[in-house]
Amino acid sequence: MQEAEKIWMNGVLVDWADAKVHVLSHGLHYGSSVFEGIRAYDADGGTAVFRLNDHLARLERSAAQYFLEIPFPREELRQAVHAVIAVNGLGACYIRPIVMRGYGVMGLFPLDAPVDVGIAAWPWGAYLGEDGVRDGIDTKVSSWRRIGNNTIPATAKASGQYLNSILAKIETHKAGYAEAILLNEQGMVADGSGENIFVVRGGVISTPPVSASILEGITRASIMDIARAEGYDVVERDLARAELYSADEVFLTGTAAEVCPVRSVDDFVIGSPGAVTRRLQEVFEDAVHGRDDRWAHWLDYIPAAAPAG
Ligand code: PPE
């Protein structure tokens, strides 16, 4: 990964190499951390964080699911994100806040463990490759099922649940595919290892509902808003695996992946990126770069002289 200089840890900016936790930290042993993935863009009016308030709100919801008390109010975390970007002199970048159960308590009862908060930012390019964003990616349905709603809440973005995505990712990578698609316990389409999924057929855009064991993606919500504003019908409904094979277009959305066309699923060729995907990619790009007034409220600009602390 590309390093930056400073990381915000528990209220102070420390050198990148010094942002450490103890090897016996609770979060390391049991996955009892929650985190966010956020992007900032070189927008027309300066460096802008995309939907920062919504990401911090989700971080709070994720923490609450695990009875994790974040020892900083939202506004302080927002200022910390600004400070991390400013002090590192970053423009477009990826931001990773993490709230973790720290060192001091072993065993599964976690509520007596301290809580540590870190926020890092660094440049991170196209998650599924520049080629992927342009030409689409080849995907495969994993044999691993998405964790069920009554196993781990998929709506919380907790570290431990990513073991599920990691198994799917390794399996499909070894088989030669760029991304895994996971079905849920009911056998319906859930999401990608780190993205939500959309299907276009006959001009209608469909995406699995929150009840399908998906992460309630912020890019997903943005794309649904954009698509409706562009005049498309958007429905949230359960999708059968074979609907992916017969789709006119399939695409993935996520903070890291942004809007990425899918070229094939299980070797069924969907084809080159279609007109709907292209249009949504364009409007999304305009929105994140501050070129579309309809979505200006999604951008949180870094003040020119943000305090470095
Ligand atoms: N589903 C999953 C399982 C997921 O991890 C993500 C984000 C999404 C959907 C899309 O959510 P949103 O980013 O709010 O639109 N995945 C994050 C982590 C990627 C990583 O490799 O780490 C991300 O995109 O930041």
Side-chain angles (χ1 to χ4, degrees), residues 1-2 31 33-41 49-62 81 92-98 100 118-129 132-133 137 139 141-142 144-149 151-170 172-173 178-184 189-198 207-227 236 239 250-260 262 280-281 284 287-288 295 298:
M1 69 182 297
Q2 203 177 326
S33 307
V34 297
F35 68 98
E36 272 302 317
I38 312 171
R39 272 192 191 274
Y41 291 89
V49 186
F50 186 66
R51 302 194 73 165
L52 178 53
N53 188 56
D54 297 311
H55 279 283
L56 294 176
R58 187 171 67 185
L59 185 69
E60 289 170 0
R61 288 199 303 276
S62 298
V81 169
C93 62
Y94 184 84
I95 304 138
R96 170 58 55 86
I98 182 163
M100 56 195 146
I119 304 175
W122 65 90
W124 198 356
Y127 186 68
L128 296 167
V133 175
I137 57 164
T139 66
V141 173
S142 172
W144 294 101
R145 291 293 168 94
R146 177 57 83 208
I147 291 169
N149 280 324
T151 307
I152 287 180
T155 45
K157 196 168 169 66
S159 300
Q161 78 200 59
Y162 278 86
L163 287 172
N164 182 222
S165 283
I166 285 171
L167 284 173
K169 186 81 184 180
I170 293 172
T172 49
H173 176 88
E179 188 50 295
I181 293 169
L182 289 101
L183 308 180
N184 60 28
V189 176
D191 53 10
S193 75
E195 310 85 12
N196 292 112
I197 189 165
F198 287 79
T207 193
V210 173
S211 56
S213 291
I214 63 163
L215 180 72
E216 209 172 347
I218 288 166
T219 321
R220 171 183 178 273
S222 308
I223 287 298
M224 290 198 293
D225 284 352
I226 287 173
E236 291 176 80
L239 290 167
V250 177
F251 61 89
L252 303 174
T253 66
T255 298
E258 301 177 295
V259 181
C260 184
V262 170
L280 296 175
Q281 269 184 322
F284 183 76
V288 299
W295 316 110
W298 284 342

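All values reported here derive from a predicted model rather than from experimental measurement. For the single chain, residues carry numbers from 1 onward in sequence order. Numbering of ligands and ligand atoms starts at 1, following listing order. No hydrogens, no waters, no symmetry mates; every other heavy atom, side chains included, goes into these values.
Relative to atom 11 (O) of ligand 1, the option among Gly217, Gly37, Ala168, Gly192 with the closest non-hydrogen atom is Gly217. Within the set Thr219, Asn164, Leu252, the minimum heavy-atom distance to atom 15 (O) of ligand 1 is found for Thr219.
Between Arg58 and Glu216 there is no salt bridge, since no side-chain nitrogen of the basic residue lies less than 4.0 Å from a carboxylate oxygen of the acidic one.
Assignment of Ser193 to the shell around ligand 1 is supported, since a heavy atom sits closer than 4.0 Å. Heavy-atom distances between Arg51 and ligand 1 stay at or above 4.0 Å for every pair. The closest approach between any non-hydrogen atom of Glu36 and ligand 1 is not below 4.0 Å.
For atom 19 (C) of ligand 1, the closest non-hydrogen atom of the protein is Tyr127 OH, 3.5 Å. For atom 23 (C) of ligand 1, the nearest protein heavy atom (residue, atom name, distance) is Tyr94 OH, 3.5 Å. For atom 13 (O) of ligand 1, the closest non-hydrogen atom on the protein side is Thr255 OG1, 2.6 Å. Scanning all protein heavy atoms for the shortest distance to atom 10 (C) of ligand 1 gives Asn196 OD1, 3.5 Å. Nearest protein heavy-atom contact of atom 24 (O) of ligand 1 is Ala256 N, 2.9 Å. Scanning the protein heavy atoms around atom 6 (C) of ligand 1, the nearest turns out to be Gly194 O, 3.2 Å. Atom 5 (O) of ligand 1 has as its closest protein heavy atom Tyr162 OH, 2.5 Å.
Between Trp295 and Trp298, the ring planes lie parallel to each other; the angle is under 30°, not in the 30° to 60° tilted range. A perpendicular orientation is assigned to the rings of Tyr41 and Phe284, their planes being inclined by more than 60° (bins at 30° and 60°).
Neither the backbone nor the side chain of Gln161 has any atom closer than 4.0 Å to an atom of ligand 1 (non-hydrogen atoms only). With a 4.0 Å cut-off on non-hydrogen atoms, Asp191 touches ligand 1 through its side chain and not its backbone. Proximity of Arg96 to ligand 1, defined as any heavy-atom pair under 4.0 Å, is confined to the side chain (atoms from C-beta onward). Residue-level proximity to ligand 1 for Lys157 is carried by the side chain, the only part with a heavy atom below 4.0 angstrom.
Looking only at side-chain heavy atoms (C-beta outward), Phe35 and Arg96 come within less than 4.5 Å of each other. In this structure the side chain of Val189 reaches within 4.5 angstrom of the side chain of Leu183, judged on heavy atoms. Within the 4.5 Å cutoff, no side-chain heavy atoms of Tyr127 are placed close to those of Cys260. With contacts defined as side-chain heavy-atom distances shorter than 4.5 Å, the pair Leu128/Leu252 qualifies.
Every N/O-N/O distance between Leu215 and ligand 1 stays at or above 3.5 Å. Looking at Trp124 next to ligand 1, no N or O pair under 3.5 Å apart turns up. Checked by distance only, ligand 1 and Ile38 stay at 3.5 Å or farther apart across all their nitrogen or oxygen atoms.
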Worksheet item: Are Thr219 and Arg39 close enough, and set up right, to give a side-chain contact (heavy atoms from CB on, under 4.5 Å), and what steps lead you there?
Response: CA-CA 11 Å; Thr219 321; Arg39 272 192 191 274; over 6 Å; no
Item to complete: May I have the step-by-step check of side-chain contact (heavy atoms from CB on, under 4.5 Å) for Val49 and His55, ending in yes or no?
Response: CA-CA 10 Å; Val49 186; His55 279 283; over 6 Å; no
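Ser142 places no side-chain N or O within donor-acceptor distance of the main-chain N or O of Ile181, the cut-off being under 3.5 Å.
Among the candidates Arg146, Glu179, His173, the single residue satisfying the side-chain hydrogen bond (donor to acceptor under 3.5 Å, both in side chains) test with Ser193 is Glu179. Checked against Val259 for a side-chain contact (heavy atoms from CB on, under 4.5 Å), the options Val133, Ile223, Ile226 give a single hit: Ile223.
Interface of Arg146 with ligand 1, defined as ligand atoms under 4.0 Å from a residue heavy atom, comprises 3 (C).
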